[in-house]
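First up is the structure itself, then whatever we jot down about it.
The structure displayed is predicted, hence computed values, not measured ones. Here, residue 1 is the first one in the sequence, and each next residue gets the next number.
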Amino acid sequence: RRQQQRDMPTNVMEGGSRTNCWQHPPSFYCPISQQCMRDPVVLSDGQTYERTYITRWLQEHDTSPVTGVQLQQKDMFPNHALRNAIEEYFKQVFSIHRREINRTRAAQDVANLSSNESLLHTINALMQVAMLVHADLSTEEVLRKIMDEAKALVGAEAASVFLHDKENQELYSTVNSTGAELRIPATMG
């Protein structure tokens, strides 16, 4: 537990939560896509890649994307240890953000919305991690996962994502049950 805390950013442990304080391990990123891996595989070059991206690479190349050296074989082997490490790491990051959101919500006066800066930064950090973990999904699928997380955090049965229409200065959302679009002037509190 102490080792885990040493690896966490100091200001998160002290109650702050800034998205820029997280520096995820570089080994979690595919050297081809520069995205966090979900299904890491190892090639004969000893490098680990996201399966989807290395499969595409190998359809057109017979060299290592990292070293440029010709590959003697194109066999891929699952990197279970790295996949497990990535999953464990992001579970821990999500857990820290969830605890911080709950701690902030419990400490705040709900009527005093001007003091939500810490909560908003923590929610933003949680969203950034969700976007990183689910980078291979569509924006809609990522937003659905974020909303599921938000519903679990606040104990709600339903939640909505509002997007900002800058041209019309409105917030808008699609109502899941009817498919209708809900629009609210962005100037309303």
Side-chain angles (χ1 to χ4, degrees), residues 1-58 64-67 71 74-107 117-157 159 161:
R1 175 110 176 114
R2 286 185 183 207
Q3 177 63 38
Q4 290 173 345
Q5 285 182 337
R6 265 187 275 151
D7 294 340
M8 293 299 142
T10 306
N11 64 339
V12 169
M13 293 189 312
E14 293 171 355
S17 180
R18 305 278 183 196
T19 56
N20 61 359
C21 68
W22 291 97
Q23 293 185 359
H24 307 298
S27 60
F28 288 5
Y29 294 89
C30 173
I32 299 171
S33 70
Q34 300 302 312
Q35 294 179 355
C36 187
M37 292 184 279
R38 297 173 56 88
D39 186 12
V41 294
V42 178
L43 290 186
S44 62
D45 67 350
Q47 300 294 324
T48 299
Y49 306 93
E50 174 61 29
R51 183 183 302 272
T52 303
Y53 291 97
I54 193 61
T55 299
R56 285 185 207 153
W57 173 272
L58 293 174
S64 165
V66 173
T67 66
L71 297 168
K74 293 184 178 183
D75 295 336
M76 293 180 252
F77 302 95
N79 190 335
H80 296 294
L82 181 58
R83 186 191 67 229
N84 292 341
I86 292 169
E87 288 175 2
E88 290 167 7
Y89 172 81
F90 282 109
K91 280 181 186 176
Q92 189 176 37
V93 170
F94 278 120
S95 178
I96 287 169
H97 288 312
R98 280 188 209 102
R99 281 195 308 269
E100 178 63 17
I101 288 170
N102 287 329
R103 185 194 66 75
T104 304
R105 285 181 60 227
E117 184 176 346
S118 176
L119 179 62
L120 293 175
H121 282 291
T122 304
I123 291 170
N124 186 42
L126 187 60
M127 288 177 54
Q128 294 295 325
V129 171
M131 299 284 277
L132 175 66
V133 170
H134 303 296
D136 60 327
L137 301 178
S138 72
T139 302
E140 182 178 341
E141 290 171 310
V142 172
L143 288 174
R144 286 189 196 282
K145 290 190 175 292
I146 291 169
M147 291 313 302
D148 289 342
E149 181 69 27
K151 288 190 297 189
L153 278 170
V154 298
E157 290 183 23
V161 172

>> I'd like to know whether C30 forms a side-chain contact (heavy atoms from CB on, under 4.5 Å) with M37, so could you lay out the CA-CA distance, the side-chain angles of the two residues, the decisive distance to 0.1 Å, and finally the verdict.
In response: CA-CA 6 Å; C30 173; M37 292 184 279; 3.7 Å; yes
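A heavy-atom distance below 4.5 Å is not found between the side chains of L43 and S64. Contact of the T48 side chain with the S27 side chain is not registered, since no non-hydrogen atoms from C-beta on lie closer than 4.5 Å. Side-chain contact between T55 and M76 is present, with heavy atoms from C-beta onward closer than 4.5 Å.
The minimum heavy-atom distance linking L71 with S44 is given by the pair CD2-OG, 3.6 Å.
Between the side chains of D45 and T67, no donor N or O sits under 3.5 Å from an acceptor N or O.
The list of ring-ring contact (aromatic ring centres under 6.0 Å, His included) pairs with a residue in residues 27-53, not counting sequence neighbours, reads F28-Y89.
Side-chain atoms of E50 come within 3.5 Å of backbone atoms of D39 as a donor-acceptor pair (strictly under, hydrogens ignored).
Looking at residues two or more places apart in sequence or on another chain, you find a salt bridge (Lys or Arg N to Asp or Glu O under 4.0 Å) between E87 and R83. In this structure, R56 has no salt bridge (Lys or Arg N to Asp or Glu O under 4.0 Å) partners at least two apart in sequence or on a different chain.
Atom CD of residue Q47 and atom CG of residue N79 lie 11.0 Å apart, to the nearest 0.5 angstrom.
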